[in-house]
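Reviewing the structure listed below.
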Number of protein chains: 2
Amino acid sequence: MNNPLLPAGLPIAAVERDTGLAKDTLRVWERRYGFPLPARDTHGERVYPPEQVDKLRLIRRLTDLGHRPAKIIGLDLSTLTRMLEDMGSPKDPADPERSAQFAAILKFVRLHLHEDLRRSLQQQLMKLGLQQFVSSVVAPLSSLIGDAWLRGELEIAEEHLFTEQIQNILRAAISTQPMAQGGRPVVLLTTFPEEQHALGLLMVEAMIAPEGASCISLGTQTPLEDIRAATDAASFDIVAVSFSAAYPARQAVEGLRSLRQSLPEQVALWAGGAGIRGCARKLTGVHLFESLDAIPVAIEAWRHQRASDQA
Amino acid sequence: MNNPLLPAGLPIAAVERDTGLAKDTLRVWERRYGFPLPARDTHGERVYPPEQVDKLRLIRRLTDLGHRPAKIIGLDLSTLTRMLEDMGSPKDPADPERSAQFAAILKFVRLHLHEDLRRSLQQQLMKLGLQQFVSSVVAPLSSLIGDAWLRGELEIAEEHLFTEQIQNILRAAISTQPMAQGGRPVVLLTTFPEEQHALGLLMVEAMIAPEGASCISLGTQTPLEDIRAATDAASFDIVAVSFSAAYPARQAVEGLRSLRQSLPEQVALWAGGAGIRGCARKLTGVHLFESLDAIPVAIEAWRHQRASDQA
DNA sequence: TCAACTTTTTGTCCAGGACAATCAATGAAC
DNA sequence: GTTCATTGATTGTCCTGGACAAAAAGTTGA
């Protein structure tokens, strides 16, 4: 009956879903490296113990970041976790007040205190203003929570709870922005297929909206061809694409190259997010953002450029 | 180089993504039924022409609705489309004013007139109030747009544009609801894994919020085990799960049974959405909703029930 | 330091067999 | 006539093990 609520182990299809590793890849790793080495049920089918799945998740993240499977597949859980932390966020600036706030918010998430969570986020928003709130609260908190989930300290449900609350708050805040009619630049915002992370988009939108620019979000997972087609139908000045840390960097680079080529020349292509940090020199004609704070500046620069072009 | 912007045909992995049919299934159908019958590239790998992919998409929808592959795989595109329409929405009530509005909104979507789209939706919301807006505008429009996409009359990007705008409007509207502190019942809202459709959740939330109940949404794709665990951590009165038309009905039924069993008895389990229409008798202990309008009534009933229990 | 070439690594594809789970049809019992 | 068990066909997913192109790493020469 395979009751998913009493997990003795996962079948291969579930592991594929959970880790993002194709069934073929799982089988070929087993053949080549001896890991994962699942048990077998009575019909000879693979049954993966949860620990192996946890380890696979870590390995997957590390390979996305450029490590080779053969080099890391033999290491143990704690080593892998450490590697991931080393590669990730360089450091926290250790502002004591802020980190206390973050700790409190993390506690709310862990204890499912949605009401407290909502209130404290809302408070921060009021205090800091939308842009500041996004760049110095939402962004670091998101990666904190992502890391905590990776380390198994948080359930997926708890990450979802946080994401939902942030979405509510950001969307509400964005929709109260004065929204200049016909504001320029007009920005088309989306992610590539296979990128499901919607929060990055919303953060970008929140940085753009207060600048008086028009931002049209297509949500996640828009096929490249559709993005190009959208620039025919409407007159966008900028296409902006966001990549989460889980997105394979080479796939991002290739997609951006291809998209750059198919877009009209006068349409700028912007990209940002943890998924493509440090790929700048591989891309020409694409404006790469290392930080959310660079967005308002870039909008200003775009306007300046445009003004001088027309003169 | 396989430029996705000049599609001569899709490799099997892309077809799996587009149709939701596993690679194994695609190969075994070819072996058994002779369809799909893709071309081969120089390395002998399958290259699926776009028409075959379109047909596969339709077949997939029909099998989810209970048809057997062998019976329908030989039929042609127009026949399949007709079957799908017959099974789908019974009819439109032919309110001339409303259908004119819908036609206008569809036009805005098709022409990417996001500004007009936003304005006309906002107008409807103001005129009808949140609940009425959701049940008689958002819900029918969503299925209209879903159908149009299925028939190839809309790009995915256009569906996304619509979904994003609706999300913005609904989330903003929900967050302005007075939100009774500690309002009962407390509802936990989510979807099962593999169900990505977030709009259904938002519609439910919009129906619940004005009733003064507390609604905590976990967004899409929460593992069953996490849903159960969440009811430990916080005290929910109701767990509500939504299923889009694309969700396989039997999977929904099985999941609901399993979840019902693992939830505490005093927690009610509600389910709704096109994905489980007509499955009522297969489920005991689960409140099945055929329509969004039934939600406010059910909340009222829950309160009444509870009042008499305590007396 | 960079470019061109070679080798190794790695993910994905293929064929074709197997089989359990599901569905449809049939028959028995109430 | 409806319900329930039995049988038989259908169908999705898993298996093994071989193959190979694309990407990365290593090597050589300017």
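Numbers restart at 1 for each chain; the letters A, B, ... are given by sequence-line order, proteins then strands.
- Residue order along DNA chain C, read from the 5' end via each residue's closest nucleotide, puts B:E45 first among B:R32 and B:E45.
- Residues B:S244 and B:E195 have side chains that bring a donor and an acceptor to within less than 3.5 angstrom of each other.
- Remark: the backbone N or O of B:L154 is not paired with any side-chain donor or acceptor of B:E159 at under 3.5 angstrom.
- Taking the charged nitrogens against the carboxylate oxygens, A:E30 and A:R40 do have a contact shorter than 4.0 Å, which makes a salt bridge.
- If one axis is set at each end of the helix from C:dT1-D:dA30 to C:dC30-D:dG1 from five pairs, those axes are 30° apart, to 10°.
- Mapping A:K71 and A:H43 onto DNA chain C via the closest heavy atom, the residue that lands nearer the 5' end is A:K71.
- Within the structure, every side-chain polar atom (N or O) of B:R60 is placed at least 4.0 Å from both OP1 and OP2 of D:dG12.
- In this structure the side chain of B:F243 reaches within 4.5 angstrom of the side chain of B:L256, judged on heavy atoms.
- Centroid-to-centroid, the aromatic rings of B:W29 and B:F35 stay 6.0 Å apart or farther.
- Of the residues in residues 21-29 of chain A, A:A22, A:D24, A:T25, A:V28, A:W29 come within less than 4.0 Å of DNA chain C through at least one heavy atom, sorted by number.
- Phosphate contact (OP1/OP2 of C:dT10, side-chain N/O of A:Y33, threshold under 4.0 Å): present.
- Phosphate contact (OP1/OP2 of C:dC14, side-chain N/O of B:R46, threshold under 4.0 Å): present.
- Salt bridge A:R57/A:D54: present, at least one basic N to carboxylate O contact under 4.0 Å.
- Of the listed nucleotides (C:dC14, C:dG16, C:dT10), C:dG16 has the atom at the smallest distance from the side chain of B:R31.
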